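Single-structure report; data block below.
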Amino acid sequence: MVDRLANSEANTRRISIVENCFGAAGQPLTIPGRVLIGEGVLTKLCRKKPKARQFFLFNDILVYGNIVIQKKKYNKQHIIPLENVTIDSIKDEGDLRNGWLIKTPTKSFAVYAATATEKSEWMNHINKCVTDLLSKSGKTPSNEHAAVWVPDSEATVCMRCQKAKFTPVNRRHHCRKCGFVVCGPCSEKRFLLPSQSSKPVRICDFCYDLLSTGDMATCQPTRSDSYSQSLKSPLNDMSDDDDDDDSSD
């Protein structure tokens with residue numbers, strides 16, 4: 001089915017519409033063999049709060065951006081190569097339902113669909129695209145992925161020292177290795193994580209000590225170790241960082 005659509009006028013027209021919605025700031029999306037599989041609005045769990053984002057699934061990439069005018073204009077385009085993607089279902093927690101993790105070596109995050117059916121369709125289509133890509137390339141699925149950041153609002157105190165309370169002055173930071181929300185004194189060190197950046201990035205003291213001794217696997221948290229447990233914490237949003245989804249500490 002995908003191969004038949006690859007060179008169709010309808011597919012070319014649909015991809016062109018997506019390009020136009022992102023405007024000159026977006027990257028060109030039309031290349032030979034690329035097919036737009038589907039699109040829709042998903043709720044992405046960002047640093048400060050869940051936010052609606054427009055997602056486009058192609059047979060080789062996943063694209064998303066901020067919604068400026070629905071179906072007409074989007075900005076802050078992000079492109080994720082599917083061959084590096086793995087996905088995991090998330091159990092429903094309160095108001096956050098029908099979710100799953102999108103994990104890659106450079107960035108990982110949670111998204112939520114409006115219904116269980118929509119979640120199933122998204123996950124099935126993504127898995128099929130990834131499987132087809134890996135089958136054609138002969139590559140193996142990626143075992144390395146960046147940590148999913150715990151949202152700012154899910155930590156009232158540092159998740160490492162368990163003492164420092166966050167205030168507008170005592171800001172939240174994120175360890176790039178484990179994804180925990182930590183205080184400044186617990187995350188003063190930097191370490192080079194080549195899959196995430198060409199420069200050393202902020203990590204917590206706990207992960208730094210393990211990485212320095214070569215015990216990298218130990219400081220890579222499981223979802224039950226960080227993300228899912230954080231959803232059960234009391235809500236408290238006192239971070240003064242801008243929510244850019246990606247780069248702020």
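Please read all numbers here as calculations on a predicted model, not as lab measurements.
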[X]: side chain to side chain contact (heavy atoms under 4.5 Å, CB included) partners, not counting sequence neighbours:
X    : value
K139 : E83, L134, S137
K73  : V68, I69
S108 : K103, H145, A146, V148
T117 : T115, E121

Lys/Arg-Asp/Glu bridge criterion (N-O < 4.0 Å) met for K136, D132 =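 Salt bridge: no.
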SB check D152 R47 (cutoff 4.0 Å) | yes
Which residues share a ring-ring contact (aromatic ring centres under 6.0 Å, His included) with F58, sequence neighbours left out =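 For F58 there are no ring-ring contact (aromatic ring centres under 6.0 Å, His included) partners, ignoring immediate neighbours.
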Least distance between heavy atoms, [X] atom then [Y] atom:
X    : Y    : answer
T43  : P50  : CG2-CB, 3.5 Å
N11  : L36  : OD1-N, 3.0 Å
C46  : P151 : O-CB, 4.0 Å
W100 : K119 : CE3-CG, 3.6 Å
N84  : P105 : O-CD, 3.6 Å
K177 : A147 : O-CB, 3.2 Å

For the residue pair R34 and N59, confirm or rule out a side-chain donor-acceptor distance under 3.5 Å.
->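 Per modelled atom types, R34 and N59 side chains form no pair under 3.5 Å.
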Tell me, please, which residues at least two apart from [X] pass side chain to side chain donor-acceptor pair (under 3.5 Å).
X    : result
E19  : T30
E144 : S195
T106 : T104
N98  : none

Could you give me the CA-CA distance, side-chain angles and deciding distance for F56 and Y74, then say whether ring pair (Phe, Tyr, Trp, His ring centres under 6.0 Å) is met?
-> CA-CA 12 Å; F56 301 91; Y74 311 110; 5.7 Å; yes
Can [Y] be reached from [X] by stepping across I, L, V, M, F, W or Y side chains whose heavy atoms are under 4.5 Å apart?
X    : Y    : result
I80  : I126 : yes
I37  : I15  : no
V18  : V35  : no
V41  : F55  : no
W122 : L82  : yes

As an exercise, state the distance from [atom1] of [X] to [atom2] of [Y], rounded to the nearest 0.5 Å.
X    : Y    : atom1 : atom2 : answer
K71  : E39  : NZ    : CD    : 5.5 Å
R14  : S8   : CZ    : OG    : 8.5 Å
C204 : E188 : SG    : CD    : 12.5 Å
C183 : R160 : SG    : CZ    : 11.5 Å
I61  : L29  : CD1   : CG    : 5.5 Å
L42  : Y64  : CG    : OH    : 11.5 Å

After noting the C-alpha distance and the side-chain angles of V111 and I102, does the key distance pass the side-chain contact (heavy atoms from CB on, under 4.5 Å) rule?
-> CA-CA 7 Å; V111 292; I102 297 175; 3.9 Å; yes
Counterpart residues, salt bridge (charged side-chain N to carboxylate O under 4.0 Å, His left out), relative to K165 (two or more places apart) |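 With neighbours one apart ignored, the set is empty.
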Qualifying residues under salt bridge (charged side-chain N to carboxylate O under 4.0 Å, His left out), relative to R97, sequence neighbours excluded = D92
Do the side chains of S212 and F191 get nearer than 4.5 Å, heavy atoms only?
-> yes
All N/O donor-acceptor pairs, side-chain side in residues 20-27, below 3.5 Å, sequence neighbours left out:
unit_1 : atom_1 : unit_2 : atom_2 : d
N20    : ND2    : S16    : O      : 3.3

Is a donor on one side and an acceptor on the other found under 3.5 Å between the side chain of [X] and the backbone of [Y]?
X    : Y    : answer
S120 : A116 : no
R53  : I67  : no
Q196 : L193 : no

Assess whether side-chain contact (heavy atoms from CB on, under 4.5 Å) is satisfied between Y208 and C175, documenting all intermediate values.
-> CA-CA 10 Å; Y208 182 86; C175 172; over 6 Å; no
Tell me, yes or no, whether the heavy-atom count around D95 atom CG, taken from other residues, nucleotides or ligands under 6.0 Å, exceeds 12.
->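 No - once you tally the heavy atoms of other residues, nucleotides and ligands closer than 6.0 Å, there are 12 at most.
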In terms of ring plane angle, is the pair W149 and H174 parallel, tilted or perpendicular, where the classes change at 30° and 60°?
-> parallel
Test D60 against I31 for side-chain contact (heavy atoms from CB on, under 4.5 Å), laying out the working first.
-> CA-CA 11 Å; D60 62 334; I31 65 170; 4.0 Å; yes
I would like to know whether F180 and C186 meet side-chain contact (heavy atoms from CB on, under 4.5 Å); could you show each step before the answer?
-> CA-CA 11 Å; F180 277 19; C186 284; over 6 Å; no
Is K44 positioned over the aromatic face of F109, cation under 6.0 angstrom from the ring centre and no more than 45 degrees off axis?
->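 Yes, a cation-pi geometry.
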